[in-house]
Amino acid sequence: MSQANATATQRPVAGILWMLAAGLSFVVMTALVKSMGSGMHPTQSAFLRYLLGLVFFVPALGTLIRTRLTGRQWGLFTLRGAIHSAAVMLWFFAMTQIPLAEVTAMNYLTPVYVTIGAALFLGETMAARRITAIIVALIGAMIILRPGFREISPGHLAMLGTTLCMGISYLMVKMLVEEISPVVVVAMMSIFVTIGIAPFAIAVWVTPTLPQLGILFAIASFATGGHYFMTLAMQAAPVAVTQPVTFLQLIWATLLGALVFDEGVDFWVVLGGTLILAAISFITWREAVLKRREITPNPNTPKL
C-alpha cells in the first residue's frame, strides 16, 4: 500500500478512542498492582499476570496456528519477549517502591528512547528540533527524579530500566504490526513473556491465595485489553494523533494515588511529566508534518 493510500485509510477518531481505552486499562491495571503491596514477590506477580492472561487468547488459537511466521519474525518475537520480560519484572518491582504518579510520569520516557533508537538503529535523522525535544524530555525526567534534592530509590532506577526496555519493545511492535495481525502480535508477546519470566518466578515461588489470584486475573484482563487497544490505536491513526491522549494517564494516576492510596500530589512530578509529554507530542507532530509534506503533491506541479 502506498503512503497516500495508507493516509487515506487512517481513522483518527478511532485511534484516539482506542488509545483512551488503552490508557484507562493501564491505569486501572497499575492501581491493582499497587493494591497487592508486598504480599507477593513482584516477579511472581508478573509471571502470574501473564500466565492468567493467556486464557484470553484461547479464541485466537486458530489464527495463531494458521499464521505462518518467517524466521525473521520468529527472531523478532523471541528478542522482544526477552526484552519485554525484563521490562515487566522491573515495572512490577517499581510499583512496590514509588507512587503511582511517578511510575506513570516516568513511563513517558519510553517514546524518547524510541526516538533515539530510531536514529541509532533505523537510520532516521536527528534534526535540531528532535534533539531539543529530547533534551526537554530529559529535563522533565530530572525534575521528577531531582537528584541531589532527594534520594533516588531503587524503584526510580527500575523505572528507568523499564522505559528503556519498553522503548526497544515498542520499536519492534511498529515493525511487526505492519506485517502481522494485532491479535497475533499481542498473543505472541504474552506467550514469550510468560516463558521468559517463568524461571525467575519459580526461584521466589510462594503459593498464592485465592484473593491474590483474583486480583492478578483482573490485572491480566486490563493489561491484555490495554495492549490490544494500544495496538489497534497504532493501526488506526498516526502516533501524532494518539500520543497526546496518553497525558490523561498522568492525571488519572495522580488522582488514584491521592484518593485511593493516600499518596500526596507532587507538583514536580506533574511538571516533569508534562514537560516529557510536551516534548514527545512536539516530536510526533513534527514527524506528521514532514510525512504529510512527503505525500502531498506540490500545488504548483502541473496536473496530468
Side-chain angles (χ1 to χ4, degrees), residues 19 22-34 42 45-46 83-117 133-171 173 219 222-223 226-227 230 239 242-258 260-261 263-284:
M19 190 59 81
L24 283 168
S25 298
F26 287 138
V27 168
V28 174
M29 174 199 68
T30 303
L32 289 171
V33 172
K34 189 78 174 177
S45 298
I83 293 170
H84 207 91
S85 295
V88 169
M89 287 187 284
L90 288 170
W91 184 81
F92 268 76
F93 171 74
M95 281 301 307
T96 66
Q97 304 293 311
I98 58 178
L100 273 176
E102 294 190 28
V103 169
T104 304
M106 291 186 70
N107 261 330
Y108 291 144
L109 284 173
T110 295
V112 176
Y113 291 134
V114 171
T115 301
I116 296 172
I134 288 171
I135 292 172
V136 170
L138 294 177
I139 291 172
M142 289 300 101
I143 290 175
I144 295 170
L145 295 173
R146 300 195 292 286
F149 294 92
R150 69 166 182 177
E151 181 184 0
I152 298 179
S153 74
H156 292 116
L157 297 177
M159 275 308 301
L160 289 174
T162 296
T163 52
L164 176 60
C165 292
M166 287 290 185
I168 298 171
S169 178
Y170 181 92
L171 285 172
V173 170
I219 291 169
F222 283 104
H227 279 290
M230 183 180 69
V239 180
T242 59
Q243 187 64 57
V245 180
T246 62
F247 181 67
L248 293 174
Q249 293 181 40
L250 179 58
I251 297 173
W252 295 328
T254 301
L255 289 174
L256 268 175
V260 179
F261 299 102
E263 297 173 348
V265 177
D266 191 329
F267 166 78
W268 298 108
V269 172
V270 175
L271 175 61
T274 303
L275 278 178
I276 295 171
L277 187 66
I280 297 164
S281 298
F282 176 76
I283 291 172
T284 52

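Just so it is clear, the values below take in all heavy atoms, side chains as well, and ignore hydrogens, waters and symmetry mates. What you see is a predicted model; the values in this text were computed from it and never measured.
Of all heavy-atom pairs between Val103 and Met159, the closest is O-CE, 3.5 Å. Here the closest heavy-atom approach between residue Ile98 and residue Gly155 is recorded as CD1-O, 3.9 Å. Among all heavy-atom pairs drawn from Val269 and Arg146, the shortest one is N-NH1, 4.4 Å. In terms of heavy-atom proximity, Ala46 sits nearest to Val88 at CB-CG1, 3.5 Å. Ala158 and Ala94 make their closest contact through CB-CB, 4.1 Å (heavy atoms, listed as atom of the first residue, atom of the second, distance). Shown here for Ile83 and Cys165, the closest heavy-atom pair between the two residues is CG2-O, 3.3 Å.
When each of Ile144, Val136, Asn107 is paired with Ile276, the side-chain contact (heavy atoms from CB on, under 4.5 Å) condition holds for Ile144 and for no other.
Checking side-chain atoms of Thr104 against main-chain N and O of Ala101 turns up no donor-acceptor pair under 3.5 Å.
Taken from CD1 in Ile219 to OG in Ser25, the straight-line distance is 13.5 Å, to the nearest 0.5 Å. Ile143 CD1 to Asp266 CG: the interatomic distance, rounded to the nearest 0.5 Å, is 11.0 Å. Between the CG atom of Leu24 and the CE atom of Met19 there is a distance of 12.0 Å, given to the nearest 0.5 Å. One distance of note links CG of Leu275 with CE of Met142; it measures 12.5 Å at 0.5 Å rounding.
Among residues two or more places apart in sequence or in another chain, the side-chain hydrogen bond (donor to acceptor under 3.5 Å, both in side chains) test is passed with Ser153 by His156. The side-chain hydrogen bond (donor to acceptor under 3.5 Å, both in side chains) search around Thr162 returns none, not counting sequence neighbours.
Other residues, nucleotides and ligands contribute over 12 non-hydrogen atoms within 6.0 Å of the CZ atom of Phe93.
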Walk me through it: do Thr30 and Trp91 pass the test side-chain contact (heavy atoms from CB on, under 4.5 Å)? CA-CA 10 Å; Thr30 303; Trp91 184 81; 3.5 Å; yes
Between Met95 and Leu100, is a side-chain contact (heavy atoms from CB on, under 4.5 Å) present by the stated rule, with each step listed? CA-CA 7 Å; Met95 281 301 307; Leu100 273 176; 3.6 Å; yes
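Residues Tyr113 and Ile168 are not in side-chain contact: their nearest non-hydrogen atoms beyond the backbone lie 4.5 Å or more apart.
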